[in-house]
Number of protein chains: 2
Amino acid sequence: METKSAVASLAALAHEGRLAAFRLLVQAGSDGLAAGELARRLDMLPNTLSANLNILSHAGLITSQRDGRSIVYRAQYDAMRDLLGFLVEDCCGGSPEICAPLMKVASPCC
Amino acid sequence: METKSAVASLAALAHEGRLAAFRLLVQAGSDGLAAGELARRLDMLPNTLSANLNILSHAGLITSQRDGRSIVYRAQYDAMRDLLGFLVEDCCGGSPEICAPLMKVASPCC
DNA sequence: TCCATATTTCCAGCATAATCGAAATATGTA
DNA sequence: TACATATTTCGATTATGCTGGAAATATGGA
């Protein structure tokens, strides 16, 4: 992953509303969530949310797909993994004892 | 980790110069790097770098310690782990097959 | 066709962030 | 003390990002 792409992803996530939206999508899994449902849960104006989803989408962190009148958004887990990997790349100056805890960012489902 | 703190960390990293500085510190390990050394490697003006290191520091991602005339900066690996954990929290809607690759953000030293 | 729902696009105003030069502070040395 | 090095702070300018209202687009149903 190149620096530019990482900065775009981080900038997209560095916003309270967008971060909340992204995390909801991450938690939603492969079903994703419709824009309206996200707006309701996050209590955001539809146009503001749309602009923010657009930013996440351009950063490659989410995808969108029309389903009837709704547009369903989904997290792009690959992009997320690339981003996390970029941050820890060549980490710790060769000290596994520092590095090991970083690898334990486990989630209940794993 | 609360949302505010995560946003501050992500905003701190969402900048080409700061991201590069942080990654150098992550790679430097426990020795850290002096501000001047960072400025040289990153080809940044000392005052600009100082402002950026201050932002990373306030976000809790790095620490500073005076050593003679220099000030040595070090990555805060705990803060980094918290941030990564926050992003993947309750992920994947209970689908380990989606989630598993996320846990493989391994680094050579681990 | 007409209307309601779902979402996006456009626009303008406001707030925040980035950068640089210059000056200030702190440390070490002759 | 006087000076060089290392780094930070200050101040001003410029650029960028965020928000909300209004209008536009797209879909589905009566």
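Lettering of chains follows the sequences in order, A, B, ..., and the numbering in each one begins at 1.
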Could you name each residue pair satisfying salt bridge (Lys or Arg N to Asp or Glu O under 4.0 Å) that touches [range], not counting sequence neighbours?
{"range": "residues 43-70 of chain A", "result": "none"}
{"range": "residues 49-58 of chain A", "result": "none"}
{"range": "residues 47-59 of chain A", "result": "none"}

Under the side-chain contact (heavy atoms from CB on, under 4.5 Å) test, residues paired with A:Ala51 that sit two or more places apart: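 side-chain contact (heavy atoms from CB on, under 4.5 Å) check on A:Ala51 returns nothing, list empty.
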
Contact list (N/O, under 3.5 angstrom) for nucleotides 22-30 of chain C vs protein:
unit_1	atom_1	unit_2	atom_2	d
C:dA22	N6	B:Asn47	ND2	3.3

5' precedence on DNA chain C between A:Ser50 and B:Met44 (nearest-nucleotide basis):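 By nearest-heavy-atom nucleotide position, the 5'-most residue is A:Ser50.
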
Evaluation steps, side chain to side chain contact (heavy atoms under 4.5 Å, CB included), between B:Val88 and A:Leu84: CA-CA 10 Å; B:Val88 302; A:Leu84 301 191; 3.9 Å; yes

[X] [atom1] to [N] [atom2]: how many Å, rounded?
{"X": "B:Leu45", "N": "D:dG11", "atom1": "CG", "atom2": "P", "value": "20 Å"}
{"X": "A:Leu53", "N": "C:dT9", "atom1": "CG", "atom2": "C1'", "value": "14 Å"}
{"X": "A:Leu10", "N": "D:dG17", "atom1": "CG", "atom2": "P", "value": "15 Å"}
{"X": "A:Glu16", "N": "D:dG17", "atom1": "CD", "atom2": "C1'", "value": "16 Å"}
{"X": "A:Gln65", "N": "D:dT27", "atom1": "CD", "atom2": "P", "value": "13 Å"}

For A:Arg40, side chain to side chain donor-acceptor pair (under 3.5 Å) partners two or more places apart: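 If we apply the side chain to side chain donor-acceptor pair (under 3.5 Å) test to A:Arg40, skipping adjacent residues, the hits are A:Glu37.
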
Per A:Ile71 side chain, nearest of listed nucleotides D:dA6, D:dG21, C:dT8: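 Out of D:dA6, D:dG21, C:dT8, the nucleotide with an atom closest to A:Ile71's side chain is C:dT8.
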
Closest to the A:Pro46 side chain, choosing from C:dT7, D:dG20, C:dG21: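 Side chain of A:Pro46 sits closest to C:dT7.
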
Any B:Met80 side-chain heavy atom under 4.5 Å of A:Leu87 side chain: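 When only atoms from C-beta onward are counted, A:Leu87 and B:Met80 do touch, with a gap below 4.5 Å.
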
4.5 Å side-chain heavy-atom contact, B:Asp78 and B:Arg81: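 They are in contact (side-chain heavy atoms under 4.5 Å apart), so the answer is yes.
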
What's touching nucleotides 14-18 of chain C from the protein side, N or O pairs under 3.5 Å?
unit_1	atom_1	unit_2	atom_2	d
C:dA18	OP1	B:Arg18	NH1	3.4
C:dA18	OP1	B:Arg18	NH2	3.0

Residues B:Val72, B:Leu33; criterion side chain to side chain contact (heavy atoms under 4.5 Å, CB included); working and verdict: CA-CA 5 Å; B:Val72 173; B:Leu33 288 170; 6.0 Å; no

Those residues that, when tested against A:Arg74, pass salt bridge (charged side-chain N to carboxylate O under 4.0 Å, His left out) (two or more places apart):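 Checked A:Arg74 against salt bridge (charged side-chain N to carboxylate O under 4.0 Å, His left out); zero matches.
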
N or O in side chain of [X] less than 4.0 angstrom from [N] OP1/OP2:
{"X": "B:Thr48", "N": "C:dT19", "result": "no"}
{"X": "A:Ser70", "N": "D:dT27", "result": "no"}
{"X": "A:Tyr73", "N": "C:dA6", "result": "no"}

Show me the side-chain donor-acceptor pairs of residues 12-32 of chain A shorter than 3.5 Å, one per line, residues at least two apart or across chains.
unit_1	atom_1	unit_2	atom_2	d
A:His15	ND1	A:Gly17	N	3.1
A:His15	ND1	A:Arg18	N	3.1
A:Glu16	OE1	B:Lys4	NZ	3.3
A:Arg18	NE	A:Ala12	O	2.6
A:Arg18	NH1	A:Asn52	OD1	3.0
A:Arg18	NH2	A:Ala11	O	3.2
A:Arg23	NE	B:Phe86	O	3.2
A:Arg23	NH2	B:Phe86	O	3.4
A:Arg23	NH2	B:Glu89	OE2	3.1
A:Gln27	NE2	B:Glu89	O	3.4

Strand contacts (DNA chain D) in residues 26-42 of chain A, 4.0 angstrom heavy-atom criterion: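 Residues of residues 26-42 of chain A that come under 4.0 Å of DNA chain D do not exist, since none gets that close.
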
